[in-house]
Amino acid sequence: MRKRVRLFGTNGVRGVVNNDMTIDLACRLGYAAGTYLRPGDKVALGRDTRGSGKMLLNAFASGLLATGVDAVDLGILPTPALQYNVKGGYNFGIMITASHNPPEYNGIKCIAPDGTELNRCEEEKIEEVYFRERFREVEWDHVGSILHEDSAIEKYIDGIIARVDTGIIQKKTPTVVLDCGNGAASVVMPYLLERLGCKVITLNANPDVISPARESEPSESNLEILIALMRTGKADIGIAYDGDADRAVVVDEKGRYHMGDHTLTLVAKYITARKKGIVVTPVSSTMAVEDVVIKNGSRVVYTPVGAPIVARKMIDLNAVFGGEENGGLIFPEHQYCRDGGMTSAFLIELISSEGRISTLLDNLPRYFNAKSKFECPEGLKHRVMQEMTSLAGTKGRIDTLDGVKLWVDDGWVLVRPSGTEPIFRVFAESKQRKTAHHLVEEWTKIGKKLVRNLMP
Ligand code: MG
């Protein structure tokens with residue numbers, strides 16, 4: 001039996017290629033997943049544009065086939081495109097991606113038969129098989145087969161087009177600049193937007209990750225070229241994606257970069273205006289979402305941080321919309337996962353019917369954010385959390401869904417232990433810039449002091 005550590009992190013299994021992310025790990029994980037599934041089950045496999053993708057995909061597939069499970073290789077495609085196809089007729093899905101991580105990384109993510117990311121409980125079952133190494137090896141005449149399928153992208157594009165009013169878009173023919181970051185967006189988004197009726201200008205849309213033109217995270221500092229292009233005033237909206245295109249962020253027609261929480265708020269506003277209901281978002285999201293949702297006679301339900309948790313809660317509550325502040329938006333009528341393609345189509349339909357993206361975003365309630373962190377050894381995290389919670393409880397209304405969130409007069413502060421690093425993260429939001437900074441400073445100081453006092 002292998003030394004037991006937790007294999008799956010918040011985003012599947014990730015690591016540096018040929019270091020901790022090896023073909024041995026991929027093959028054994030393929031064995032484990034195949035053993036967890038039934039002989040004859042059909043698994044869809046996909047990958048982002050990373051050079052190591054094919055190597056890991058083939059290793060994983062070999063493990064699967066040995067257990068008598070069949071594999072179907074859908075090729076390079078965004079994670080939401082794979083999820084859409086899994087929901088449409090596979091018993092399971094595997095995505096080889098490390099999302100926004102640097103090119104030397106890669107990862108393996110499991111998709112449940114309904115197209116959502118596999119929940120922790122099911123992941124544990126696969127981990128159990130992996131560590132015990134009790135793999136099912138079928139007789140020679142029952143090994144699985146591997147097929148290739150090249151219509152997955154088209155099915156995904158068709159699915160999105162069915163959810164928007166292409167007539168409105170075609171009347172306006174907006175000009176859109178897409179920054180695909182040399183990632184999986186490259187093989188879908190330009191074609192999707194052309195079919196929607198947009199004039200499309202592409203940046204970094206060749207799937208090349210050995211020497212990508214920008215880092216995969218669509219942060220403001222990584223999008224200088226897109227921002228400069230938008231400042232020329234010749235396009236209506238700029239959209240940029242992360243490596244596997246489940247997240248999308250916007251640069252408006254004036255060349256201003258907008259964080260994902262702006263698009264989250266904007267979409268929440270227009271969806272609840274059309275259909276009242278519940279919007280699900282993690283405790284770390286902006287209060288602006290709650291402001292616009294309540295105004296439309298709807299309500300927000302908060303969850304711990306993590307897209308799969310948001311998606312599952314949305315299913316349980318039959319929510320009308322959900323998403324994260326990093327640009328990962330979930331449209332339940334389309335599918336229960338973050339979807340960069342659906343986000344793009346929705347925003348383009350919105351600017352075609354409601355006007356300029358800059359005006360729509362400027363009309364949203366505006367808050368100021370601040371963030372910080374402090375170090376804390378793993379062994380002390382639990383005690384620090386307890387002390388933090390009882391202290392915050394004496395100061396006002398608190399929420400302990402994920403870390404501790406304390407509401408103050410015109411904002412909130414959230415102190416959360418990191419799941420992957422020996423640190424606590426501190427976030428604050430307020431109508432006043434000063435208050436947000438003050439809250440973060442105050443609670444970082446409190447945290448540091450608690451850690452010092454609890455140190456042996
Ligand atoms: Mg991603």
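In what follows, residues are counted from 1 in the order of the sequence shown. Indexing begins at 1, ligand by ligand and atom by atom, following the structure's order.
- Between the OD1 atom of Asp244 and the OD1 atom of Asp246, the angle centred on the Mg ion (ligand 1) amounts to 90° when rounded to 10°.
- Counting heavy atoms from C-beta outward, Phe331 and Thr343 have side chains that approach closer than 4.5 Å.
- At most 12 heavy atoms of other shown residues, nucleotides or ligands fall within 6.0 angstrom of atom CD1 in Ile23.
- Residue side and main chain included, Thr97 places no N/O/S atom under 2.8 Å of the Mg ion (ligand 1).
- Judged by distance alone, the side chains of Thr116 and Asp114 do bring a donor and an acceptor atom under 3.5 Å apart.
- No side-chain donor from either of Asp362 and Thr359 sits under 3.5 Å from a side-chain acceptor of the other.
- The Mg ion (ligand 1) lies closest to atom OD2 when only the N/O/S atoms of Asp242 are considered.
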